[in-house]
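Okay, structure first, notes after.
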Amino acid sequence: MRDAEPKAIRLKDYEAPALQIRQVHLAFEIQPGETTVTSTLQIERVRPGETDLRLDGQELELLDVTLDGESLSANAYQLDEDSLTLFDLPDRCEIRIVNRIHPERNTALEGLYKSGNLYCTQCEAEGFRKITYYQDRPDVLAKFSTTITAGSAYPVLLSNGNLVDQQTLNDGRRQVSWEDPYPKPSYLFALVAGDLARLEDSFTTMSGREVKLVIYSEPHNIDQCDYAMDVLKRAMRWDEQRFGREYDLDIFMIVAVEDFNMGAMENKGLNIFNTSCVLASKDTATDPSYMRVEGVVAHEYFHNWSGNRVTCRDWFQLSLKEGFTVFRDAEFSSDMNSRTVKRIEDVNFLRSVQFAEDAGPLSHPIRPDSYIEISNFYTPTVYEKGAEVIGMLHTILGEEVFRRGSDLYFERHDGEAATTDDFLAAMADASGRDLSVFQRWYVQAGTPVLAVESRWQEGTFTLILTQSCPPTPGQTEKLPVHMPVAMGLLDADGKLLDPATLQLSSDSEYDIRGDSIVLHLATASTSLRVEGLATEPVVSLLRGYSAPVRLKYPRSPEILKFLAIHDSDGFAAWDALQTLLVDEIGSYSGRRRVSETLIELFAALLEQAQAAVISGSDEDRFMLAARLSLPQESYLFEQFEQVDVDALCAGRDALQQALAAELREQWLALYQAARSVDAYQPDAAGMSRRALCNLALGFVAVALEGGELVELLEAHYSQADNLTDRRAALVAALHSTSLDSAVSRRLLQRFLDAFRNEALVVNQWFSVQAGSPTCSAQDIQTLAAHDAFDGRNPNKIRALYSAFAQANLRNFHAADGSGYQLIADTVLALNSSNPQMASALAKPLTRWRRFSGMRPGLMRQALERLAAADDLSPDVYEVVIKGLAD
Ligand code: BES
Ligand code: ZN
């Protein structure tokens, strides 16, 4: 256990500083082994209050500090482990600080660090304090200028804003100066120094200004940057058209780095990206990776307004920028591709990952009220539930009013640090709506349950809707929230009744939105009556997943099948089928055959899929691939209060076996029909066809055996001209129970031999193995010892250990506890070198309460072993303590 317990930071203790840094000049002298930082700060009193200035600083070596040009006497300041406090400052002054840092030794990848031969920074949330002493908090906005001096091995020297000067010094070193005219908090600072190649382009903004666009990467990757550049231009145009947001500097830069804890970072004018979220080529990125690049490039660009021009007052407001920006990037992707498919993917993620968090000891509101380590709060709750909440506002207000609210928010708070309440106030003012009940989404944790009952009596149909929310840590009583419930009524032929013609009544407010009714449930319970109907309608409920809730609406398999076939809302049709599949798997008892209902449904969908390959739209193909996909294990687990790992995995396997065997010819026919004749294109036509083809391959690999299977898999692999198909062959081989393991080993070896030099492909090589049902904890250790593995690279750690703990649930939850031990060992190994990665990896162990049998005890043992370790980082400490407190 640690010596001093880290303290919780609380929202209610927030206080704005009286003295603030208004301007800062940073001079970096980069030398082998050490970097010297000279920081010149202009300080101003902005409100009455104290005269001492506390600057954050960690792992810094202070060399000098002066106040208005005078050296400070020893009693004029105080230095400790994580701060430098200057006493008795005047209302205005200049402070100059010189300190030394060692980027080469920085393994936590926070602050200034080296990734290979490249210097780069990551400052969000509290990394700037590892560069120099500063008010490292988002409500201190200052104008930054930066001078970087480095040897000729680092010809590219970048920072935020516009380039103002560059020269070669007499000794051959290079010196470059940048100036960012927009005041910003320190977490948006960035610096890059290295020998980088560049891809250049330009964009003309809506007011006619030309912006230079540059993507930098290591020279050998520069031919993988075109896709990201194309996305960037589309995102810039889209933000102008959809949100009226124009870019504001002369240059926008993206740098790709190999070692990065997160996906990407929105530093002003100088986004820094994990290579996995920016590079793409047919041989190094799968179709989902292309989609990820699209989403992340857009997301970070959109932060220029939602995050940078208007930033967060404090880190409790994180969802202000992240939830809103995830909403914005999801809208972008929906406009670029299929809206329904994007919605299904997002709901899949929300239900498997965010619901899991919300049902465990780490549950927190999207605006948390306390934290120990802020890095632990970049969570699916703050991000994805946060985006759902914005999406509900959009549904409640409608596009036009929502846009007015967003304009008002940006106008009111431009250049400021704002709160989620400010955002809601702008929305309320623009719409004239009372959002006080809606505001509870921000402060209450837990996933609300929406229970629905229906009655049919003499031509009157009544729906009764009731909401509740289970208790979460520290919150036992929950109040009702305002949730928009979108629905439609289908007649006996499956035709949607036009809501405008219905005789509706309710004690709650409702709107007609297109072909749906949107009922505003803002109390514990309400009802909706429909009169004058000839026959009982079937309800299409929570269309488009209009609220992030668990729906409890018992319906017969016949009704679900009816909806799966007829519902005109693509999401709701998918959802009905998923519910059938979950019910089928959940009721598996060891040998029962799969239900006729499902076989018939799948047979019908397979027929449609074959037709869609030949003459359907891209959207048809994508949708059919989504509907024919079985729920992932992580999704399944979240549908049950008590998780019986063995029963659910066996049930899923049995269902897959049965569907594969019963419909073997249909899967084969679909597979053959969807095989490509054209060269790879990362477009909707190609992606949707591959989605169907590789889905069919998965079932075919389960249905076939022997030489026939070997031949098919080897042909699929050999004929592939892209990573998506090669990976699909490997996955199918590794998931087959009949295939001789020598065959999969051969394919894996071919794959590694061909792509050994492509880090992103090697990551895939690790993750397909780590996620395969035959890969045990022992096998993970063997893979970790492989030459191609690098235990310090976050992408490799994710490809191996996170893939195992998150996508290989049957082995992570192995009955002997070996999966838990492996993860605990790895958390301990990473705890001091990279606390953020360590803590992310520890999180799955905290879900122990959900499992049945011996597993809770074994998971707790692993947590207790972590708790007993010396020198636990605050990151891991917080997760472990909360995990054990449950
Ligand atoms: N601001 C974050 C990156 C970040 C998160 C930095 C946590 C430091 C700590 C960035 O905008 C972000 O949200 N990135 C996501 C991807 C995005 C598409 C949701 C990421 O990195 O995973
Ligand atoms: Zn973000």
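In this chain, residues are counted from 1 in sequence order. Whatever order the structure lists them in is the order used to number ligands and atoms, beginning at 1.
Interface atoms of ligand 1 facing H303, defined by a heavy-atom separation under 4.0 Å, are 11 (O). Of all atoms in ligand 1, numbered sequentially from 1 with element shown, those under 4.0 Å from a heavy atom of E266 are 1 (N), 2 (C), 10 (C), 11 (O). Set against the non-hydrogen atoms of K321, the atoms of ligand 1 under 4.0 Å away are 1 (N).
A ring-centre distance under 6.0 Å is not found for F243 and F302. Two rings, from F128 and Y187, have their centers 6.0 Å or more apart.
Remark: among candidates Y383, F302, F260, the nearest residue to atom 13 (O) of ligand 1 is Y383, based on non-hydrogen atoms. Between the choices M265, E300, M262, the shortest heavy-atom distance to atom 10 (C) of ligand 1 belongs to E300.
At a threshold of 4.0 Å, the pair R129-D82 does not count as salt-bridged, since none of the basic side-chain nitrogens sits closer than that to a carboxylate oxygen. Salt bridge status for R328 with E331: absent, with no side-chain N to carboxylate O gap under 4.0 Å. At a threshold of 4.0 Å, the pair D422-R313 does not count as salt-bridged, since none of the basic side-chain nitrogens sits closer than that to a carboxylate oxygen. Under the 4.0 Å criterion applied to side-chain N and carboxylate O atoms, E126 and R137 are not assigned as salt-bridge partners. We find that R10 and D369 are not joined by a salt bridge, their nearest charged nitrogen and carboxylate oxygen being 4.0 Å or further apart.
Under 4.0 angstrom from ligand 1, the non-hydrogen atoms of H299 all belong to its side chain. Contacts between A264 and ligand 1, counted as non-hydrogen atom pairs separated by less than 4.0 Å, involve the backbone only. Within the 4.0 Å heavy-atom criterion, the part of R292 lying near ligand 1 is the side chain and not the backbone. Within the 4.0 Å heavy-atom criterion, both parts of E124, backbone and side chain, lie near ligand 1.
In this structure, a donor-acceptor pair under 3.5 Å is present between the side chains of D314 and Q317.
Shown here are the side chain to side chain contact (heavy atoms under 4.5 Å, CB included) partners of V156, two or more places apart in sequence or in another chain: L158, L196, Y216.
Contact check for K342 versus T340: no side-chain heavy atoms found under the 4.5 Å cut-off. P794 has its side chain within reach of D259: a pair of non-hydrogen atoms, C-beta onward, lies under 4.5 Å apart.
The closest approach between any non-hydrogen atom of Q122 and ligand 1 is below 4.0 Å.
Near the Zn ion (ligand 2), less than 2.8 Å away, sit the protein N, O or S atoms H299 NE2, H303 NE2, E322 OE1, E322 OE2.
Scanning the protein heavy atoms around atom 7 (C) of ligand 1, the nearest turns out to be Y378 CD2, 3.0 Å. Nearest protein heavy-atom neighbour of atom 21 (O) of ligand 1: G263 N, 2.6 Å.
Tested against N267, the residues V192, L191, N160 include a single side chain to side chain contact (heavy atoms under 4.5 Å, CB included) partner, N160.
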